[in-house]
Amino acid sequence: MLTRLFRLHGLVVASHPWEVIVGTLALTVCLMSMNSLTTSNQVCSWNECPKLQEKTQNSNIIILSITRCTAIVYIYFQFKTLRQLGSKYILGIAGLFTVFSSFVFSTVVIHFFGKELTGLNEALPFFLLLIDLSKACALAKFALSSNSQEEVRENISKGMGILGPTFTLDALVECLVIGIGTMSGVPQLEIMCCFGCMSVLANYFVFMTFFPACVSLVLELSRESREGRPVWQLSHFARVMAEEEDNKPNPVTQRVKIIMSLGLALVHAHTRLASENQGNNRTVEGPISDSLHSGGAWPFKLTSMDLEQVITLSLALLLAVKYVFFEQTEAESSLSLKNLSSPPLQRQWKEEGCCKRNGLVQMKWQVIHDNSVTCQTSQAVSHLQSTPGPDQDIESKPRTLEECAAILFDPHRGSKCLSDSEIMNLVTSHKIQNYKLEKVLENPERAVAIRRELLSSKLPSTSAMAHLPYKNYDYTQVMGSSCENVIGYMPVPVGVAGPLLLDDKEFYVPLATTEGCLVASTNRGCRALLLSGGCRSRILADNMTRGPVVRLPSACRAAEVKLWLESPEGFSVLQEAFDETSRFGRLRKLLVGLAGRNLYIRFQSQTGDAMGMNMLSKGTEHALQRLKLQFPDLEVLSVSGNYCTDKKPAALNWILGRGKSVVCEATVPGKFVRQVLKSSTVALVELNINKNLVGSAMAGSIGGFNAHAANIVTAIYIACGQDPAQTVGSSNCITQMEPTGPGGEDLYITCTMPSIELGTVGGGTNLMPQKACLEMLGVQGTSPNHPGENGRQLARVVCATVLAGELSLMAALAAGHLVKSHMTHNR
């Protein structure tokens, strides 16, 4: 229960970093302003309290100086630990703010309790020693072991669930232990202990709010690009989640702490009650100094500094300068491999003994396609190979599977300490699943290369994949979303047709194809439309569908359920359940078909800018669960019963539509029909009737009343990251041509496409090349002002481009140019 509460708290803080950070900053500013009003007559300066003058001249000055220097060095190493997480400044600044805000908060709270800070000079070093940034380091490691911003928030939530209870209990016990000093009767000790308790609580408050919000925001702002892939992920943190979960605090230790804290709380309560009954209300003795305001300007105060202060400030400045300007961070080189240099590479080889034997392989995968770094790597490898030593004996002895498996699952070594051949042996012996190579190796390109090597030995020709490229590709975009068991990528040439003048706006349309003449022909159609004033389009409907199949005990019972579903009450119940599952998915209509005791229910819903099949499936499944509560004897056979219908020819889609239903029209003057299309209006109209209408009817075509709509749809789909299989329904189109204008010389053409299934977010649209093509059209991602508008605009472009392609191909057929052009361009 407690862990779940802290996880929820961590998720809220990490999900709303701006609100938390602004709120914490505002609170700090308020506390500082309140502090400025109260410190003028309660807090004395560094060494000007009359009460302390005499004391600081004796041997205590040595102890205080050592304490201050120790505190400064301690804080320096805390920041150095934060810096090793991959950020020299940001996380360090977050830690500095933690210290500063804790100090401000503690000071003001003490004032609220009417305490004096005449002992601040002595309390400050001890306060710095109380600040522990190790929990901040651990929480940052949780965040840095993420693959995406969503994972950052989830991992911070998990980290809070693991660290929160322990940190809370530690803070409680620490406050109770330090709080004993407030009952000592020694005025200065009471002040210092009171200040220490407030500091611990303040540090706890900032750690639970500001720090996780700051880490979440910094990692979100440091994403490599807008698609959200991280640059912060560090390989040596990849197992941090399992490591921390395995090292949860001992329940016995936790129980001892709880008993100890309860005992201390009873001691505190008893002491306070006894002091109240006796009326012994002590006050802190000593004059109140206002020397902060009476000491003059700060430059003149420096002249009165004693040796102790000079030593302390010099040490602080020296460490600060060293930290900012002279520290070489290894984490920075791991974040940007292009910053690697030869000395660090050689040092890493010496430190990681397990990697020496296969150093050549490890270096190969640590350096990413940078000429200068590759050169340095080669030098480092050649230097190591030329150096005689025990490594050469180790190389001659192959490691066993058990040794390799132990290295692989060792959090301090891992796959980087294994050669490719050892990884392949682990795969063939089923120690590693082939499809999990990317996750295990934490290097997708290396995983692809090893998978190719394993596959090559099983193919008829070992050189079968020699020309299938795999390098220089961002496989992190593919993992878990677009493809599995990846062995490379397929380059397809992309041409551009345009400008396409559509609704008074010009578009340059990317077409990915290997069919010669297709882009040239479409481009000619675009030119004819441009000279004719362009084309116009309208969206007729926007509804994606999913059609599950359910079964009832009898046909009569199925008929009863059908009538209920078609009633306003039934639709309302399912609509409410469906709409709960998505911000964009809204159930618009139900179509119910009956076959015996089976019911086929076609859900129709808007899906925003996404193509929407996953959204529909989720909503449909939830609605079916609600339907089963209404009819317990109902059995769900499948969430898809081919009543959708997806990726199959279907008259239902042709008649009722699916996805975006679009119509596009244009009028081409007779002179442009003759000059650009090299044909005539009469010939085009006659050919369209006999080919696209009568010919398709003779063939029994469903939705195929066009010349080659599938050509255009497929080329745009491949270029723009759509599912090419959905061209089956998306290329449904009827092309109509009529003579118009004076003498019937002008050509009026329309294309009606009732089932264009596409989206501008999700799936292949997240891949960088496909995303670039969507950006060419100005429809990438989600429409910020009108959700769904980018998807509808892309559907308009598809329909208009089909119209341009229809114009050009029909003209080529009418003039007898088709064979000639293909022989010229596509032999």
Side-chain angles (χ1 to χ4, degrees), residues 495-511 513 515-538 662-693 695 705-713 715-716 733-753 776-777 793 796-822 824-826:
V496 61
L500 171 68
L501 185 58
L502 170 62
D503 297 326
D504 300 322
K505 185 177 180 181
E506 292 185 355
F507 294 89
Y508 289 88
V509 184
L511 301 169
T513 181
E515 180 182 354
C517 296
L518 177 62
V519 177
S521 176
T522 307
N523 199 59
R524 182 174 73 153
C526 290
R527 181 166 176 264
L529 292 175
L530 180 66
L531 296 173
S532 306
C535 53
R536 297 162 300 282
S537 65
R538 290 292 183 272
V662 189
V663 63
C664 203
E665 64 178 356
T667 299
V668 183
K671 64 176 181 178
F672 297 130
V673 174
R674 294 187 298 271
Q675 295 173 6
V676 179
L677 301 177
K678 310 299 182 183
S679 185
S680 66
T681 299
V682 174
L684 285 173
V685 170
E686 184 178 2
L687 178 61
N688 185 73
I689 293 173
N690 290 285
K691 170 183 166 60
N692 290 341
L693 302 183
F705 302 96
N706 57 79
H708 70 149
N711 253 339
I712 310 297
V713 173
I716 296 179
C733 173
I734 180 169
T735 300
Q736 296 173 275
M737 297 182 183
E738 303 173 20
T740 188
E745 292 187 355
D746 300 338
L747 176 67
Y748 174 75
I749 177 174
T750 64
C751 285
T752 307
M753 304 181 70
M776 285 177 58
L777 298 170
Q793 182 61 67
R796 291 188 183 99
V797 170
V798 170
C799 188
T801 310
V802 166
L803 189 148
E806 293 287 282
L807 262 180
S808 185
L809 177 58
M810 293 295 288
L813 289 170
H817 296 163
L818 178 66
V819 176
K820 181 180 179 181
S821 62
H822 273 273
T824 302
H825 298 285
N826 197 33

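Note: hydrogens, waters and symmetry copies are ignored here, and every other heavy atom, side chains too, is used. Residue numbers count from 1 along this sequence.
Interatomic distance, CZ of R536 versus CG of L803, reported as 10.0 Å (0.5 Å rounding). Rounding to the nearest 0.5 angstrom, the gap separating the CG atom in L502 from the CG atom in L529 is 9.5 Å. Rounded to the nearest 0.5 angstrom, E515 CD and S521 OG are separated by 9.0 Å. Rounding to the nearest 0.5 Å gives a distance of 13.5 Å between OG1 of T801 and CZ of R796. The line from OG1 of T740 to CG of L747 is 9.0 Å long, rounded to the nearest 0.5 Å. Taken from SG in C535 to CG in L500, the straight-line distance is 5.0 Å, to the nearest 0.5 Å.
Around the CD atom of E686, the shell of radius 6.0 Å holds no more than 12 heavy atoms that belong to other residues, nucleotides or ligands. The environment of D504 atom CG is sparse: at most 12 non-hydrogen atoms of other residues, nucleotides or ligands sit within 6.0 angstrom. Counting heavy-atom neighbours within 6.0 Å of R524 CZ, excluding the residue itself, gives a total above 12.
The minimum heavy-atom distance linking N706 with C733 is given by the pair ND2-O, 2.9 Å. Closest heavy-atom contact between V496 and Y508: CG2-CB, 3.8 Å. The two residues S679 and L684 come nearest to each other via the heavy atoms OG-CG, 3.9 Å. Across every non-hydrogen atom of V676 and A528, the tightest pair is CG1-CB, 4.0 Å. Shortest non-hydrogen contact noted between A715 and L518 is CB-CD2, 4.2 Å. Across every non-hydrogen atom of H708 and G805, the tightest pair is NE2-O, 3.1 Å.
Judged by distance alone, with hydrogens and angles left aside, the side-chain atoms of N688 form a donor-acceptor pair with the main-chain N or O of T735 at under 3.5 Å. No donor-acceptor pair under 3.5 Å is formed between the side chain of E665 and the backbone N or O of S537. Counting only distance, with no hydrogens or angles, the side chain of T681 and the backbone of E745 share a donor-acceptor pair below 3.5 Å.
Side-chain contact between P510 and L777: present, with at least one pair of heavy atoms (C-beta onward) separated by less than 4.5 Å. Here the side chains of M810 and I749 are not in contact, with every heavy-atom distance at 4.5 Å or above. Using a 4.5 Å cut-off on side-chain heavy atoms (C-beta onward), I734 and L693 make contact.
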* Verify side-chain contact (heavy atoms from CB on, under 4.5 Å) between V802 and E806, making sure each step is shown before the conclusion. => CA-CA 6 Å; V802 166; E806 293 287 282; 4.0 Å; yes

* Show your reasoning for whether side-chain contact (heavy atoms from CB on, under 4.5 Å) applies to V662 and V798. => CA-CA 9 Å; V662 189; V798 170; over 6 Å; no

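When the options V509, T522, T513, N711 are evaluated for a side-chain contact (heavy atoms from CB on, under 4.5 Å) with I716, the one that passes is V509.
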